[in-house]
Amino acid sequence: MTPSTLSIITPVDSTAFATVQISTSEQVQAAVQKAAKAQKSWKKVPLKQRVEMGRRFLEVFGTRKDELAKELTMQMGRPLRYTPGEIKGTQDRGKYMVDVAEEALKDVEIVEAGLEGKFKRFIRKEAVGVVLIVAPWNYPYLSSLNGVLPSIIAGNSVILKHSSQTPLCGERFAQAWTEAGLPDGVFQCIHMSHADTESLVRNPLINYVNFTGSVEGGHQIQKAASDKFIATGLELGGKDPAYVRPDCDLKYTVETLVDGSFFNSGQCCCAIERIYVHADIYDAFVAAFVAETKNYRLGNPLEPETTLGPMVKTKAADFVRAQVAEAVSQGAKAHIDASLFPADKPGTPYMAPQVLTEVTHKMRVMTEESFGPVVGIMKVASDDEAIHYMNDSDFGLSASIWTSDADAALRIGDQIETGTWFMNRCDYLDPALAWVGVKDSGRGCTLSKYGYDQVTRLKSFHLKLVTA
């Protein structure tokens with residue numbers, strides 16, 4: 001069968017930016033065979049050498065920062081003033097994962113008094129085999145790295161299927177691994193159809209699947225993998241809340257939450273999508289939040305003054321616009337006049353940010369993931385009321401509290417159903433901490449030393465040294 005092609009439609013001007021070739025089903029099957037064969041040799045390479053390969057990859061990747069940043073902007077629309085940050089962030093996150101690899105993957109020795117010299121017992125963390133990673137477009141390098149780098153360092157081979165919006169990001173990873181000297185077949189980037197992706201998940205040679213995307217997509221991955229006894233890592237989005245207490249640093253809180261709501265046009269799984277503000281400072285918070293939001297500059301992401309670019313697709317912007325319109329029709333108050341943002345045009349991916357008050361949890365905008373530049377703000381009378389509303393969600397990826405009282409932050413955090421709990425911070429992934437979710441935000445773990453546990457299996461060794 002002749003391979004088909006995929007055109008990348010840039011949200012910058014809705015034209016075709018680049019074209020990539022879609023692999024045939026036969027090519028996909030050949031790739032997984034190649035990966036399985038390469039992994040058998042790669043897992044025998046000493047860990048120290050695999051770690052150094054990871055370091056070389058990060059070094060090579062960073063040498064093309066400016067080129068990669070502009071290409072990233074063209075693929076998914078984030079302003080060019082920000083995309084170099086993802087290249088550097090990928091290197092920084094990767095460095096941490098490389099630095100902890102030997103400790104995370106070392107044998108666990110079992111020592112028991114009185115048995116010295118009689119037994120040698122330890123637990124080894126072995127590579128699972130071939131890892132399939134299905135990556136998203138919104139942070140295409142950072143999200144991919146979370147699975148790719150630990151998998152390869154642990155001794156696995158990797159097949160990366162990147163989003164059809166950002167396929168070039170997968171190719172850039174492949175180029176960097178090749179230049180770093182990774183053996184052929186250990187990492188492959190394949191552009192394939194949804195049908196072939198599902199078929200690959202079912203393939204008996206695939207030993208672990210890491211997926212970042214929608215809840216619906218997560219269900220499809222889980223169902224496809226259910227005929228095998230393999231694990232899946234599923235990061236499926238969020239509806240992340242923030243609670244603002246009266247004792248917060250108001251100026252800092254407003255500035256940080258506006259950024260957490262609207263950076264990347266709100267297209268982040270851990271973006272702030274709902275805010276609960278204590279009644280004592282509610283009016284002051286809303287006034288300052290609206291004023292700060294009006295400072296954004298919506299426009300062509302290639303222009304240096306642009307701080308808010310287009311959403312990834314017109315369809316995505318239409319979805320968010322519909323959420324906003326429905327909420328307003330149900331009684332919500334919209335604080336941003338779109339005419340302040342001349343680039344805002346219905347029927348295009350360019351959408352002005354919006355701040356809604358007088359919202360309730362009967363509105364989709366407060367319960368359904370928006371993944372766009374809109375945030376709802378509700379007044380609460382107490383910590384208990386804030387806790388109730390924060391937990392009133394199908395999602396649980398991250399949540400934050402804004403306060404000067406660390407003890408209160410810990411007390412409240414213990415009651416929040418979430419994967420990560422922040423105090424005075426949001427919309428951030430700390431590579432030293434486990435990135436996890438609860439409820440419809442998925443399962444599994446990436447980052448931290450525990451991220452290596454997802455791509456390894458435990459094997460116990462019990463050696464009796466003395467038989468007499």
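Only this structure's heavy atoms are used, side chains among them; waters, hydrogens and symmetry mates stay out.
Aromatic ring centres of Phe61 and Phe173: separated by under 6.0 Å. Aromatic rings from Tyr276 and Tyr243 are positioned such that their centres are separated by 6.0 Å or more.
The ring-ring contact (aromatic ring centres under 6.0 Å, His included) contacts involving residues 312-355 comprise nothing, where partners must be two or more places apart or lie in separate chains. Among residue pairs with one or both ends in residues 361-379, those qualifying as salt bridge (Lys or Arg N to Asp or Glu O under 4.0 Å) are Glu326-Arg364, Arg364-Glu368; sequence neighbours excluded. Legend: side-chain hydrogen bond (donor to acceptor under 3.5 Å, both in side chains) pairs involving residues 293-308, not counting sequence neighbours: none detected. A side-chain hydrogen bond (donor to acceptor under 3.5 Å, both in side chains) check over residues 61-72, counting only residues at least two apart or in different chains, returns the pairs Arg64-Glu179, Glu71-Arg172. Listed by first and then second residue, the salt bridge (Lys or Arg N to Asp or Glu O under 4.0 Å) pairs that reach into residues 207-226 come to none, sequence neighbours excluded.
Salt-bridge check for Arg411 with Asp383: passed, with a basic side-chain N closer than 4.0 Å to an acidic carboxylate O. At a threshold of 4.0 Å, the pair Glu126-Lys43 does not count as salt-bridged, since none of the basic side-chain nitrogens sits closer than that to a carboxylate oxygen. The pair Glu255-Lys251 counts as a salt bridge, with a side-chain nitrogen and a carboxylate oxygen less than 4.0 angstrom apart. Ion pairing of Lys439 with Asp394 is absent here, as no side-chain N (NZ or NE/NH1/NH2) approaches a carboxylate O to less than 4.0 Å. Residues Glu358 and Lys333 are not paired through a salt bridge, judged by the lack of any N-O separation under 4.0 Å between the basic side chain and the carboxylate.
Here His219 pairs with nothing under the ring-ring contact (aromatic ring centres under 6.0 Å, His included) rule; sequence neighbours left out. Every salt bridge (Lys or Arg N to Asp or Glu O under 4.0 Å) that Asp453 has, sequence neighbours left out, goes to Lys125. Residues meeting the side-chain contact (heavy atoms from CB on, under 4.5 Å) test with Ala231, sequence neighbours left out: Tyr208. Remark: Lys228 pairs with no residue by the salt bridge (Lys or Arg N to Asp or Glu O under 4.0 Å) rule, at least two apart or across chains. Remark: Lys48 pairs with Glu102 by the salt bridge (Lys or Arg N to Asp or Glu O under 4.0 Å) rule, at least two apart or across chains. Asp405 is linked by a side-chain contact (heavy atoms from CB on, under 4.5 Å) to Arg245, Asp247, Thr403, Asp407, Ala408, counting only residues two or more places apart in sequence or in another chain. Not counting sequence neighbours, Asp283 has no partner by the salt bridge (Lys or Arg N to Asp or Glu O under 4.0 Å) test.
Using cut-offs of 30° and 60° on the angle between ring planes, the pair Phe187 and Trp177 is tilted.
Between the side chains of Asp337 and Ser339, at least one donor-acceptor pair of N or O atoms lies under 3.5 Å. Side-chain atoms of Thr367 and Arg274 include no donor-acceptor pair closer than 3.5 Å. Thr314 and Thr348 form no side-chain donor-acceptor contact under 3.5 Å, judged by distance and modelled atom types alone. In this structure, a donor-acceptor pair under 3.5 Å is absent between the side chains of His162 and Glu171. In the model, Trp435 has a side-chain atom that pairs as donor or acceptor with a side-chain atom of Glu235 under 3.5 Å. Counted by atom type alone, Ser370 and Gln323 present one or more donor-acceptor pairs between their side chains at under 3.5 Å.
Seen from the ring of Tyr428, Arg425 counts as a face-on cation partner, given the 6.0 Å and 45° thresholds.
Shortest non-hydrogen contact noted between Asp344 and Ala338 is OD1-CB, 3.9 Å.
Residues Val201 and Ile221 are in side-chain contact: their nearest non-hydrogen atoms beyond the backbone lie under 4.5 Å apart. Proximity of Met378 to Val277: side-chain heavy atoms (C-beta onward) are nowhere separated by under 4.5 Å. Counting only heavy atoms from C-beta outward, the side chains of Cys269 and Tyr139 never approach each other to under 4.5 Å.
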> Which is it for Glu52 and Arg55 under the salt bridge (charged side-chain N to carboxylate O under 4.0 Å, His left out) test, yes or no, and what are the steps along the way?
Replying inline: CA-CA 5 Å; Glu52 286 309 308; Arg55 292 193 195 280; 3.4 Å; yes
